[in-house]
Amino acid sequence: MKYVLRICIVFIFLSAKAYAQSPVSFRVKAGAGIASMWGKNTEENAKFAYKVGVGMEYGFNKTWALQPSLNFVSKGSKEDGKDLGKATVNMLYLELPVMLSARLHLTKTSNLVISGGSYMAYGVGGKTSIDVWLPIPGTTGFHNVHKEYKLNTFGNMTDGNMGCKRFDAGVGLGIAYEYRRIVVGLEGQLGLVKVHDGVSGLSELENMTELKDYAPKNLLMLVSVGYNF
């Protein structure tokens with residue numbers, strides 16, 4: 001019986017050693033920050049943004065690694081039309097970033113990790129809130145009436161939606177500090193795909209070039225905290 005016990009102990013030891021030497025590890029991460037838009041005829045302001053996700057890392061060696069993840073991300077922007085009103089665009093995505101990272105070893109228990117790569121995302125929900133002042137004719141002339149609207153962010157404008165596209169893609173950069181299994185970092189994303197086509201299909205607005213050439217792309221900056229398993 002003691003030989004069986006010894007064999008089991010050796011098996012457990014070898015399994016633990018193999019796991020410790022495995023190039024694959026996993027992590028969870030959450031972050032918060034700001035999102036906005038950039039591109040032609042965009043004047044959006046930043047809004048609160050967040051993300052939660054899980055990921056893995058495949059280490060090629062002690063320095064280089066590949067880091068794919070699956071995240072749930074909030075993006076969007078705010079716009080203040082001054083006398084016309086204001087709008088808040090909320091966009092919820094399932095996102096797949098793939099980053100190549102370089103780990104710089106600072107001490108035996110801490111590292112500096114610099115990463116860069118690309119991401120793809122698909123819009124799964126979100127609402128756009130619009131507060132406007134509309135001039136309504138009355139017996140004593142025009143007077144402004146406040147109206148509030150809530151639209152689905154994704155979907156065709158002809159169906160009563162905001163008209164944003166679901167697909168998004170771009171590039172990302174990050175820098176993080178690792179202490180044992182805890183990771184604290186700063187991340188940024190630059191979208192390269194137009195998330196809205198403006199109103200280029202409406203011929204009656206042919207003189208409104210700003211609306212026709214509206215070409216917003218996502219912009220994101222987050223502070224994140226993660227844990228490596």
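All values below were derived from every heavy atom in this structure, side-chain atoms included, with hydrogens, water molecules and symmetry-related copies excluded.
Counting only heavy atoms from C-beta outward, the side chains of Lys150 and Ile130 never approach each other to under 4.5 Å. The shortest distance between side-chain heavy atoms of Lys47 and Asn90 falls below 4.5 Å. Residues Val54 and Phe26 have side chains not in contact (no heavy-atom distance under 4.5 Å, counting atoms from C-beta outward). A heavy-atom distance below 4.5 Å is not found between the side chains of Leu219 and Gln189. Under the 4.5 Å side-chain criterion, counting only non-hydrogen atoms from C-beta, Tyr119 is not in contact with Leu96. Contact of the Ile175 side chain with the Val113 side chain is not registered, since no non-hydrogen atoms from C-beta on lie closer than 4.5 Å. When side chains are defined from C-beta on, His105 does not count as touching Glu178, because their heavy atoms never get closer than 4.5 Å. No side-chain heavy atom of Ser74 sits under 4.5 Å from any side-chain heavy atom of Met91.
The closest donor-acceptor contact from the side chain of Arg27 to the backbone of Tyr227 lies at 3.5 Å or more, if one exists at all. With Asn61 contributing its side chain and Trp64 its backbone, the two residues share a donor-acceptor pair below 3.5 Å. Using a distance-only test at 3.5 Å, with no hydrogens or angles considered, a donor-acceptor pair links the side chain of Thr107 to the main chain of Thr109. Between the side chain of Trp38 and the backbone N or O of Gly191 there is at least one donor-acceptor pair closer than 3.5 Å. When atom types are taken as modelled, the side chain of Thr153 and the backbone of Gly126 share a donor-acceptor pair closer than 3.5 angstrom.
Of the N and O atoms on the side chains of Ser224 and Glu187, at least one donor lies less than 3.5 Å from an acceptor on the other residue.
Tyr93 meets the ring pair (Phe, Tyr, Trp, His ring centres under 6.0 Å) test with Phe154; sequence neighbours excluded.
Among all heavy-atom pairs drawn from Leu220 and Ala35, the shortest one is CD1-CB, 3.9 Å. For the residue pair Lys78 and Thr88, the shortest heavy atom distance occurs at CG-OG1, 3.7 Å. Counting all heavy atoms, side chain and backbone alike, Ala176 lies closest to Val183 at CB-CG1, 3.7 Å. Here the shortest heavy-atom pairing between Tyr214 and Asn41 reads CD1-O, 3.4 Å. For the pair Met37 and Pro216, the tightest heavy-atom approach, listed with the atom from each and the gap, is SD-CB, 4.0 Å. Of all heavy-atom pairs between Met99 and Gly172, the closest is CE-O, 3.5 Å.
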One pair to check against side-chain contact (heavy atoms from CB on, under 4.5 Å): Asn152 and Met162. What are the steps and the verdict? CA-CA 6 Å; Asn152 291 322; Met162 183 60 187; over 6 Å; no

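Here Asp168 does not pair with Lys165 in a salt bridge; the nearest charged N to carboxylate O distance is not below 4.0 Å. The pair Glu79-Lys86 does not count as a salt bridge, with every side-chain nitrogen at least 4.0 angstrom from each carboxylate oxygen.
In this structure, the separation between OG1 on Thr63 and CG on Asn111 is 9.5 Å, given to the nearest 0.5 Å. The distance from atom CG of Leu222 to atom CG of Leu186, rounded to the nearest 0.5 Å, is 8.5 Å. The CD1 atom of Ile34 lies 12.0 Å from the OG atom of Ser77; values are rounded to the nearest 0.5 Å. Summarising the geometry, atom CG belonging to Leu190 is positioned 9.0 Å from atom CG belonging to Leu173; distances are rounded to the nearest 0.5 Å. Distance CE/Met157 to SG/Cys164: 9.5 Å, rounded to 0.5 Å. Atom-to-atom distance recorded for Asn218:CG and Lys194:NZ is 14.0 Å, nearest 0.5 angstrom.
By the 6.0 Å contact criterion, CE on Met120 is open, its count of non-hydrogen atoms from other residues, nucleotides or ligands being 12 or less. More than 12 heavy atoms of other residues, nucleotides or ligands sit less than 6.0 Å from atom OH of Tyr177.
Through side-chain heavy atoms spaced under 4.5 Å, either directly or across other Ile, Leu, Val, Met, Phe, Trp or Tyr residues, Leu94 is tied to Phe48, Tyr50, Val52, Phe72, Leu92, Tyr122, Val124.
Connection of Leu104 to Leu66 is not established within any shared hydrophobic cluster, with ILVMFWY side chains joined at heavy-atom distances below 4.5 Å, either directly or through further cluster members.
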